[in-house]
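Okay, so here's the structure we're looking at.
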Amino acid sequence: DTFEGAEWFFGLAFSGELLLKLGGLRCGFFKDPWNYLDVLIVMFWIIDVLPLDPMLIRILRLAKLLRLVKLAKSIKSFDSLYLLTASIASSASALV
């Protein structure tokens, strides 16, 4: 299909341009508002092209939650927060 080939060509071209720009400009990349539009376009293309399984998204959310639990363990002054996140993490099997 011609349109699918064009989609892949332009998607990879824009992704390559974005990576080259990011590598060349480094911190200056985020000063130009047009670069945010480029990032948004490439992100939407990647989301459209990748077959995302809803279970994968749930697992990624769970991984973020586990990072929070790890942070809460390191901070002893947040005992109630640790208790809350630990109870949510232990009930995560019901969510997945």
Side-chain angles (χ1 to χ4, degrees):
D1 188 38
T2 306
F3 289 116
E4 190 171 328
E7 177 186 3
W8 275 97
F9 173 75
F10 285 111
L12 291 174
F14 282 140
S15 299
E17 177 198 9
L18 186 68
L19 290 175
L20 286 173
K21 245 188 203 181
L22 188 59
L25 296 176
R26 299 193 194 259
C27 290
F29 178 82
F30 298 103
K31 293 179 183 175
D32 187 10
W34 287 105
N35 290 334
Y36 290 107
L37 178 66
D38 292 344
V39 169
L40 197 65
I41 290 171
V42 170
M43 277 183 14
F44 281 139
W45 175 72
I46 290 172
I47 289 170
D48 184 46
V49 169
L50 290 179
L52 292 177
D53 185 23
M55 185 64 112
L56 177 66
I57 295 172
R58 287 182 189 155
I59 290 172
L60 291 175
R61 276 200 229 146
L62 183 62
K64 282 178 60 176
L65 180 65
L66 291 177
R67 279 188 10 215
L68 179 65
V69 170
K70 184 178 175 183
L71 174 68
K73 280 184 182 178
S74 66
I75 301 172
K76 297 296 181 190
S77 63
F78 293 118
D79 288 333
S80 60
L81 177 63
Y82 171 70
L83 180 64
L84 177 70
T85 53
S87 65
I88 291 173
S90 63
S91 66
S93 62
L95 297 175
V96 179

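Throughout, residue positions are numbered sequentially from 1 according to the sequence presented. All heavy atoms count here, side chains included; hydrogens, waters and symmetry mates do not.
Residue pairs meeting the salt bridge (charged side-chain N to carboxylate O under 4.0 Å, His left out) criterion with at least one partner in residues 41-54, sequence neighbours excluded, do not occur; the list is empty. Residues in residues 50-70 take part in no ring pair (Phe, Tyr, Trp, His ring centres under 6.0 Å) pair, two or more places apart or across chains.
A single hydrophobic cluster is not seen to contain both L12 and L19; linkage of ILVMFWY side chains at heavy-atom distances under 4.5 Å, directly or through other members, places them apart.
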What donor-acceptor contacts under 3.5 angstrom involve side-chain atoms of residues 25-47, with partners at least two apart or in another chain?
{"unit_1": "D32", "atom_1": "OD1", "unit_2": "W34", "atom_2": "N", "d": "3.4"}
{"unit_1": "N35", "atom_1": "OD1", "unit_2": "K21", "atom_2": "NZ", "d": "3.0"}
{"unit_1": "N35", "atom_1": "ND2", "unit_2": "F29", "atom_2": "O", "d": "2.7"}
{"unit_1": "Y36", "atom_1": "OH", "unit_2": "F30", "atom_2": "O", "d": "3.1"}
{"unit_1": "D38", "atom_1": "OD2", "unit_2": "K21", "atom_2": "NZ", "d": "3.0"}
{"unit_1": "W45", "atom_1": "NE1", "unit_2": "E7", "atom_2": "O", "d": "3.4"}

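Remark: T2 OG1 to E4 CD distance equals 10.0 Å, nearest 0.5 Å.
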